[in-house]
Amino acid sequence: MRQAASLQIPRSSKEVLMSDETRAKPTADEEVDARDVRKVRMGKVDELRAEGIDPYPHRFDRDHDIADVRDRFADLAAGDETDYKVKLAGRIVLMRGHGKLVFADLRDRTGSIQLFVSKSVVGADELSAFENLDLGDWVGVEGTVMASKRGELSVKLNGFEVLAKCLRPLPDKVKGLADVDTRFRQRYVDLVVNEDTRHVFNVRFKAINAMREWFHERGYLAVETPMLTMIQGGATARPFITHYNALDMDVYLRIAPELYLKRLIVGGLEKVYEIGRVFRNEGVDTRHNPEFTMVECYDAYADYHDMMTLTEELVSHVAKETIGTTKVTVRGQEIDLAPPYPRETMSDLIADKLDVRVHPSMPVEEVRAVMDQLDLTYKDEWGSGKLCDQIYDKLVQEDVLGPVFVIDHPREVSPLAKATPKDPSVVERFELIIEGRELANAYSELNDPTDQLERFEAEARNKAQGDVEAGDVDFDYVRALEYGLPPTGGMGLGIDRLIMLLTGKTSIREVILFPTLRPEVFADEPDEPLGD
RNA sequence: GCGCCUCUAGCUCAAUUUGGCAGAGCAACGGACUCUUAAUCCGUCGGUUCUGGGUUCGAGUCCCAGGGGGCGUACCA
């Protein structure tokens with residue numbers, strides 16, 4: 001990538017390309033320029049200015065989207081012409097010159113349509129000005145709707161204006177842009193040339209809208225809670241740390257909004273949800289980006305059974321709204337997201353797959369024996385619950401096709417969930433597993449302040465012993481619980497993973513507009529020292 | 001973090017069993033063409049083969065180091 005330095009256009013090229021005289025007798029300089037698409041196009045910008053035309057005008061009054069025109073004239077017969085006038089705006093994506101006739105494809109966000117530019121309508125000067133456009137230019141056009149002899153719906157141009165020049169050549173009009181690195185770094189180009197990319201993000205935008213509407217209709221309040229936090233909590237993850245100058249203290253970027261949302265339930269808001277970014281200072285791979293989007297919702301008086309119903313309804317609703325079906329195909333396997341999803345205990349899933357029966361209530365020695373037998377490593381401080389969770393996590397989950405609600409998680413790995421009445425070693429919690437991945441996580445929220453404080457303290461002890469993922473004691477949260485958190489069901493769902501599911505993408509970067517990447521090196525730019 | 005793979009024109013890709021003048025399509029530029037659909041036809045231009053070393057008479061190709069990216073793996077949602 002050689003952006004920065006070459007952005008400086010030599011003065012000479014301006015003069016060379018502006019003058020008709022020098023154009024008639026090409027200089028050596030100009031021949032060099034002709035190889036450089038950017039310089040040629042910058043020359044065209046100068047030419048426009050020389051003619052008194054602003055190549056970057058301030059606005060354009062369009063009166064139709066391209067889709068409007070297509071809908072309205074869907075039945076126009078080949079060769080028919082109308083006197084219906086339209087003003088459209090968009091990018092020129094294809095051009096087919098034909099002497100005294102030029103065809104071009106104009107695209108806006110609703111679709112594309114053919115432009116029909118005839119010398120007999122616009123005159124020689126305007127036709128040649130149009131031919132002088134480049135692929136990628138933004139233009140505003142005015143014309144009448146017609147269908148070509150071959151039946152292609154078209155706009156017969158009366159006039160056009162450049163809205164912004166495209167100085168850089170677009171990638172191959174057929175093959176598009178395939179280089180993954182460039183696609184992610186220059187997403188704007190990816191979006192221009194790759195239909196599939198536009199589709200993926202349309203699904204994403206629609207899914208989030210559908211989700212907001214769905215919560216709104218059910219009386220949930222859309223709330224916003226802090227992203228800069230003083231206390232690490234709400235999930236088990238390593239946080240990003242940044243510095244707040246005014247208070248001269250380090251703060252965390254949130255790893256989950258959970259503890260704030262439940263404070264709002266204490267405050268009596270009863271039904272809340274938040275869709276937003278969370279940040280986890282962990283590795284990057286096809287399923288993980290350091291910043292990702294999740295939705296969390298909390299419902300007073302509900303428990304985790306209610307949240308299961310809510311989750312399966314939400315997921316299937318969003319699927320129908322975005323891709324029109326609840327059936328999705330991932331890696332050749334068809335999965336139906338229509339409810340209800342089966343409920344399976346973690347212990348049963350382990351027994352089915354590995355033919356061993358373990359449970360968090362078992363003596364730790366017995367579970368350790370199973371770990372040994374399965375060749376799994378463990379730490380001395382881990383109890384039966386953590387060991388069971390490890391067995392499930394390492395050996396079982398990846399083979400769960402789902403959708404299935406895995407229930408009865410060990411209390412030891414669920415510091416914010418309420419234990420089941422029948423068995424204090426497991427909690428009222430579920431994870432929605434699809435294709436071996438955790439899509440959602442929910443529980444009957446722990447609302448006993450004394451119990452909660454003990455669990456925080458256990459975490460803080462782990463943190464003091466070097467566990468970077470363990471949280472702090474959130475005294476304010478405990479105080480909130482002392483004011484009374486009603487029985488509450490809460491659920492969190494990873495939106496990026498849901499979009500992967502809906503679009504069949506196997507990499508999370510395909511569903512995030514600007515995924516986290518290493519900084520780009522600009523070859524022509526001197527290295528800027530960035531500290532060490 | 002570790003392992004494997006990969007990087008050639010603006011874009012998409014070629015370049016023979018360790019090696020022998022770096023090529024094509026699209027885009028661009030010049031020209032022809034009033035119904036094309038990735039228009040077509042004629043002509044022209046375009047390269048630090050990711051970077052730096054090394055082996056060799058000779059390196060896109062082989063070796064070493066570095067960089068970007070992908071996949072797998074670990075932590076994790």
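Quick caveat: nothing in here was measured; it's all calculated off a predicted structure. Each chain gets a letter, A, B and so on, in the order its sequence line appears, and its residues count up from 1.
- When the side-chain nitrogen and oxygen atoms of A:R150 are compared with OP1 and OP2 of B:U37, one or more of them lie within a distance under 4.0 Å.
- For B:U36, its base sits under 3.5 Å from the side chain of A:Q114 at one donor and acceptor pair at least.
- Among the nucleotides B:C26, B:A77, B:U34, the one closest to the side chain of A:F292 is B:A77.
- As rounded to the nearest Å, B:A28 and B:G66 have P atoms that lie 42 Å from one another.
- Which of B:A74, B:U34, B:G69 sits closest to the side chain of A:D285 comes down to B:A74.
- If you check every strand for non-hydrogen atoms under 4.0 Å, A:K100 touches a base.
- Residue-nucleotide stacking is not present for A:F103 and B:A39, judged by a side-chain ring centre under 5.5 Å from the six-membered base ring centre and planes under 30° apart.
- At distances below 3.5 Å, not a single donor-acceptor pair connects side-chain atoms of A:R91 with backbone N or O atoms of A:L135.
- Of the candidates B:A77, B:A28, B:C71, B:A77 carries the atom nearest the A:R280 side chain, counting heavy atoms from C-beta on.
- Pairing for B:U55 is absent, judged as Watson-Crick or G-U wobble with the two contacts each under 3.5 Å.
- A:D496 and A:R287 are not joined by a salt bridge, as no carboxylate oxygen comes within less than 4.0 angstrom of a charged side-chain nitrogen.
- With a cut-off of 3.5 Å on both pairing distances, the Watson-Crick or G-U wobble partner of B:A32 is B:U40.
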